[in-house]
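Just below is one structure, and these are the notes that go with it.
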Amino acid sequence: WQMLTGVSSLKVADSDEGVVAVSTRTADMLGKPCYMAVMVDGIQMNKLGTHLYVDLRQLPRPEEIHGIEVFSGASNIPLQYGGMGAGKTCGLIAIWTR
């Protein structure tokens, strides 16, 4: 998760839930954090209605990661990654392993 701290479109925050990725571009009208969707090898980890966030400490280790893509908003997410669908309004972090 330390690799994500330099990305301007998200904020890595330590909270009661763990280490989470919060969008800096989108905010809830009630002031609640807007958690980014996280996908590992094509599988979304935080599906709408079950998990609002992913504890970034549970992601693959750096030596297992082949690439990371960060999409700052729903309109930037390619259709093959689910487009703007369920739970991706705050953006998406796509992680690909070796």
Side-chain angles (χ1 to χ4, degrees):
W1 60 267
Q2 289 97 347
M3 293 183 286
L4 298 170
T5 58
V7 178
S8 62
S9 59
L10 66 92
K11 180 176 102 176
V12 175
D14 193 6
S15 67
D16 294 338
E17 294 90 16
V19 178
V20 296
V22 180
S23 174
T24 59
R25 297 183 181 210
T26 313
D28 182 302
M29 294 178 81
L30 300 173
K32 294 181 183 177
C34 192
Y35 299 108
M36 296 187 77
V38 177
M39 182 175 74
V40 177
D41 292 332
I43 300 171
Q44 188 171 342
M45 306 307 290
N46 50 338
K47 298 202 183 270
L48 189 62
T50 55
H51 302 291
L52 296 177
Y53 57 85
V54 171
D55 184 350
L56 299 179
R57 297 175 296 184
Q58 304 303 318
L59 294 177
R61 295 186 319 259
E63 59 270 12
E64 297 173 332
I65 295 175
H66 177 71
I68 298 175
E69 297 177 277
V70 177
F71 303 97
S72 59
S75 63
N76 299 4
I77 301 171
L79 290 176
Q80 67 263 32
Y81 299 160
M84 299 185 324
K88 297 186 187 89
T89 56
C90 298
L92 171 71
I93 300 169
I95 299 172
W96 306 100
T97 61
R98 298 181 190 269

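By convention here, the first residue in the shown sequence is residue 1. All of these numbers come straight from a predicted model, not from anything done at the bench.
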Taking all non-hydrogen atoms of both residues, which atom of [X] and which atom of [Y] are closest, and how far apart?
X   : Y   : value
P60 : V40 : CG-CG1, 4.1 Å
M36 : F71 : CE-O, 3.5 Å
Q44 : A37 : NE2-CB, 3.7 Å

[X] [atom1] to [Y] [atom2] distance, which is reported to the nearest 0.5 Å:
X   : Y   : atom1 : atom2 : result
H66 : R98 : NE2   : CZ    : 7.0 Å
S9  : L4  : OG    : CG    : 9.5 Å
S72 : I93 : OG    : CD1   : 11.0 Å
L10 : L92 : CG    : CG    : 11.0 Å
I95 : L56 : CD1   : CG    : 7.5 Å

Any donor-acceptor pair under 3.5 Å from [X] side chain to [Y] backbone:
X   : Y   : answer
D14 : V19 : no
E64 : R61 : yes
T97 : I65 : no

Are any of the side-chain heavy atoms of W96 and I68 separated by less than 4.5 Å?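 Not touching, per the 4.5 Å side-chain cut-off.
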